[in-house]
Amino acid sequence: MNFMTTITTTTIVKRRKKKSQFVMVWERLKQNRLAVAGLVILSVIVLAAIFANLLFDYEAMAVRQNASIRLNPPSSEHWLGTDEVGRDILARIVFGARISLPVAFATILIAAVIGGLLGAIAGYGSRTADNIIMRIMDMFLAIPSTLLAIAIVATLGSSIRNLLIAIAVSNIPPFARIIRSSVITIRNEEFIEAAQAIGANDRRIIFKHILPNAMAPMIVQATMCIAGSVLSIASLSFLGLGIQPPTPEWGSMLSNGRQYIRVAWWVCTFPGIAIMLTILSLNLLGDGLRDALDPKLKN
Amino acid sequence: MENLLEIKNLTVEYHTQGEIVHAVNGLSLNLRQGESLGLVGETGAGKTTTALSILQLVADPPGKIMGGEIFFDGVDLLKTKKSLLRSVRGNKISMIFQDPMTSLNPVYSVGFQIAEVIQLHENCSKEEARRKAEEMLEMVGIPKERYEEYPHQFSGGMKQRVVIAMSVACSPQIILADEPTTALDVTIQAQVLELMNDLKEKLHTSLLLITHDLGVVAQVCDRVAIMYSGEIVEQGTIPEVFDHPAHPYTIGLFGSIPTLSMESTKLTPIEGQMPDPTELPAGCNFSPRCPYARAECHSKKPGVTRIPGEATHELRCFALGWEQPDETLMEVIKRGR
Amino acid sequence: MADNILEVKHLKKYFKTNRGTLHAVDDVNFSIRKGETLGLVGESGCGKSTIGRLILGLHSATSGEILFNGQDICKADAQQMHDLRRQMQIIFQDPFSSLNPRMSISEIIGEPLIIHKMVSSRAELDKRVLELMDVVGLSQRLENSYPHELDGGRRQRVGIARALSLTPQFIMCDEPVSSLDVSIQAQVLNLLKDLQAEFGLTYLFITHDLSVVKYFSDKIAVMYLGQLVETSASDELFRNTLHPYSQALLSAIPEPRAHHKMQRVKLTGELTSPINPEPGCRFAKRCLYAAPYCTGQDPTLQDFGDNHFCACFRAEELRKEAAGIEE
């Protein structure tokens with residue numbers, strides 16, 4: 001049966017230009033005002049962090065102590081004021097973003113890859129594998145994540161690397177859960193059966209059919225988790241287990257400024273606002289992405 | 001007989017980002033006391049929106065009732081107060097939804113759910129409500145011993161019986177049934193249809209049955225209205241419409257369904273798809289798919305005309321008024337089914 | 001027979017559940033000849049879809065044989081199964097969930113060609129995909145659309161094009177039109193019929209709708225709770241319905257005619273559970289004609305002439321009774 005060659009396709013119709021998934025997601029995201037706002041705020045913070053060196057002199061403004069200008073309120077010279085040893089708060093916030101954001105992104109990347117892999121194995125593999133992996137995850141979930149991170153940092157000592165490991169480990173279980181449940185849902189969809197019926201092997205089914213459909217909850221979870229991660233870094237530093245002074249970090253700035261809140265409100269307020277804005281923008285973006293990534297939702 | 005429900009020129013739109021979906025376009029319909037009317041149409045024809053508009057349950061936003069009047073017992077429901085509307089809902093007009101699985105609350109026993117409806121609308125004691133609820137269960141063929149059981153202990157057909165019992169519990173004047181048997185197997189569907197026929201005779205309730213299945217309508221209804229793109233294109237009694245369908249869409253619909261009594265080996269489907277409800281054609285909504293359409297059909301909207309010689313058979317089509325009639329169409333209408 | 005493309009022998013599929021063993025398919029036998037259509041009819045939960053999945057190797061059978069052109073599917077290894085899949089395909093009931101929402105129409109139709117290495121270049125792939133879209137009546141401009149942008153009828157056409165892409169001999173249609181609108185249903189049924197005539201396809205047509213089956217099939221098998229209760233040529237079955245369940249199924253269909261009210265429903269109760277069934281006729285509990293001897297032992301398919309088989313202890317008796325009344 002060689003019927004296909006006998007049919008001629010001479011009619012040339014104006015074809016729709018192919019739009020990639022990325023462009024489609026972007027077009028839908030653009031229509032969500034809150035998500036765009038989140039994206040704009042986040043971009044400002046990221047850009048400021050990247051070009052921090054052009055904006056401020058790290059040594060002079062963020063590290064060097066200058067007793068003559070300690071606890072100055074916001075002024076035209078120091079927009080957000082100075083702290084208890086005379087360092088510029090705006091500069092420290094901008095340089096602080098250089099720690100918080102990369103560490104947060106890195107932890108989530110690690111957690112997403114490991115958690116995603118474990119979740120995919122649990123969801124698509126045998127029952128035994130599923131049981132083993134998920135019971136271990138349950139154990140981790142039973143311990144509060146901050147407590148777990150504190151324990152890890154306390155054991156391994158406080159450094160940026162250990163902070164990264166601690167936060168990544170405590171973020172793996174939620175990823176594994178989410179990916180597992182979406183893989184299980186997708187595995188039972190008819191199009192997976194259809195793929196099996198045309199002879200696709202397991203690898204093709206996982207990478208071509210299951211994972212692309214499981215990406216949406218994963219990306220959404222990631223944006224939400226980055227926010228949590230920023231907060232975790234800040235909390236650990238606040239407790240003195242994260243970034244060590246004099247390196248500027250939002251959590252430790254908040255912690256230090258706490259003592260002066262009655263005389264100099266700006267010292268802890270502005271780092272707090274920075275944390276809040278970052279988390280808010282990430283959450284807005286995450287919400288927007290969730291809607292934009294669902295191909296079934298038109299417009 | 002007087003009209004119990006009268007819908008005049010109902011127009012409903014859905015406003016979604018930058019687009020206007022014309023769901024119902026100037027629909028007029030009436031339902032008499034004790035009569036059952038079948039509203040037939042395909043997905044997106046606006047059947048469910050029409051039913052929801054009667055009880056004003058159209059989700060707003062995005063839905064908006066743009067105009068028209070819905071008279072129930074002489075009162076325009078679209079202009080009446082919220083409190084009056086609430087007393088009409090469930091009490092005088094009740095609704096049966098398509099999916100019996102989702103219209104029952106899984107955490108309450110079925111008996112309790114029926115009793116609750118009765119208590120809510122009739123201001124009676126708990127014991128009385130329970131007694132009445134048990135009566136209702138028996139009436140739809142469920143032994144009252146199952147009063148305390150929960151929805152998950154019932155099969156699909158049984159659940160739909162419970163939903164029906166709930167809807168007739170307050171002896172409503174009108175039941176709006178939206179595809180009540182679509183989710184059921186054929187043998188179960190037959191049982192439920194028989195039950196509905198029995199209840200209808202016993203209770204003298206008017207029924208507006210929404211369905212896509214012409215067979216179901218033939219079994220249950222007295223009259224039928226065929227809907228296409230938010231308009232009624234043909235209506236009349238069952239014999240009028242089923243024996244001599246006159247609108248090209250209705251003719252096409254009958255040609256599309258394989259039936260047991262059919263001898264031919266090839267179906268004659270309607271070509272093409274329903275028009276996009278955001279961009280309705282300038283002329284008759286069916287004109288792009290109509291094999292008999294002429295220039296007039298593409299530019300002007302046809303009005304409603306009564307078919308000469310028939311008592312209630314109405315049509316929204318130009319073809320009967322043409323000076324030079326379409327021979328084939330006339331032949332098809334005359335031949336009937 | 002040599003011209004049987006598919007033969008199913010003593011096929012069984014049991015599922016273990018918490019409440020016991022579910023006999024989804026219980027000792028089913030049938031065969032389909034090349035170029036023919038067999039309609040497999042039954043209500044939800046009767047095991048008709050499970051049979052389809054077993055034939056395509058999507059489930060593995062508990063016991064029994066499925067011979068496809070003489071080769072036993074149940075014993076095929078992975079490589080043999082891969083090759084077999086080129087010859088048999090499936091069209092699913094739900095065109096919404098059977099297409100991957102993240103793949104474009106051309107990717108979906110082209111995927112089987114890539115998997116089975118049936119094209120050597122990108123250009124050839126594109127050409128074949130467009131040809132297939134032409135065959136099933138899909139406009140070429142939809143090539144780069146995604147499934148959610150199409151309506152049900154067009155989506156089902158995509159599913160059909162995907163099934164056709166490997167030029168199979170046999171296609172299993174699992175309720176291919178039951179989720180479509182009436183006017184679209186007819187378009188798709190006609191398309192399937194035209195394709196059968198054009199390419200000499202063999203269909204196994206699984207459905208709950210006897211009127212669709214009458215229009216579509218050469219042979220019909222009626223299934224109840226995992227077992228076949230009646231098989232026959234299509235016209236014969238409608239002329240001379242033997243099994244009480246088939247009769248009930250027929251009488252339950254609401255005919256779209258005026259002056260043609262439904263006959264008395266010959267069924268009471270609902271589908272019983274196929275979990276740990278007791279021996280005896282599974283329909284007996286709902287059957288109007290059930291006699292004491294209907295339970296206790298399983299009825300088998302008996303030959304009533306003209307290739308008409310029926311599994312009912314009282315079929316002969318009831319037939320004579322009915323004939324007597326008519327005379």
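Proteins come first, then strands; the chains are lettered A, B, ... in the order of their sequence lines, and each starts at number 1. All of these numbers come straight from a predicted model, not from anything done at the bench.
- If you measure heavy-atom distances from B:V217 to chain C, you find no contacts under 4.5 Å at all.
- Comment: C:E175 engages C:K48 in a salt bridge, judged by a side-chain N to carboxylate O separation of less than 4.0 angstrom.
- Under a cutoff of 6.0 Å and an axis angle of 45°, B:K159 and B:F154 do not form a cation-pi pair.
- When the candidates B:I270, B:T182, B:D213 are compared by the number of heavy-atom contacts under 4.5 Å with chain C, B:I270 comes out ahead.
- In this structure, C:K193 satisfies the cation-pi test against C:Y215, with its NZ or CZ atom closer than 6.0 Å to the six-membered ring centre and inside 45 degrees of the ring normal.
- Interface remark: C:L180 contributes no atoms to any contact with chain B (heavy atom separation under 4.5 Å).
- The existence of a salt bridge linking B:R316 and B:E234 is excluded, since no basic side-chain nitrogen approaches an acidic carboxylate oxygen closer than 4.0 Å.
- Of the two parts of B:Y249, neither the backbone nor the side chain holds a non-hydrogen atom closer than 4.5 Å to a non-hydrogen atom of chain C.
- No other option in B:G44, B:G252, B:G272 has as many heavy-atom pairs under 4.5 Å with chain C as B:G272.
- Residues B:E314 and B:R306 are paired through a salt bridge, judged by an N-O separation under 4.0 Å between the basic side chain and the carboxylate.
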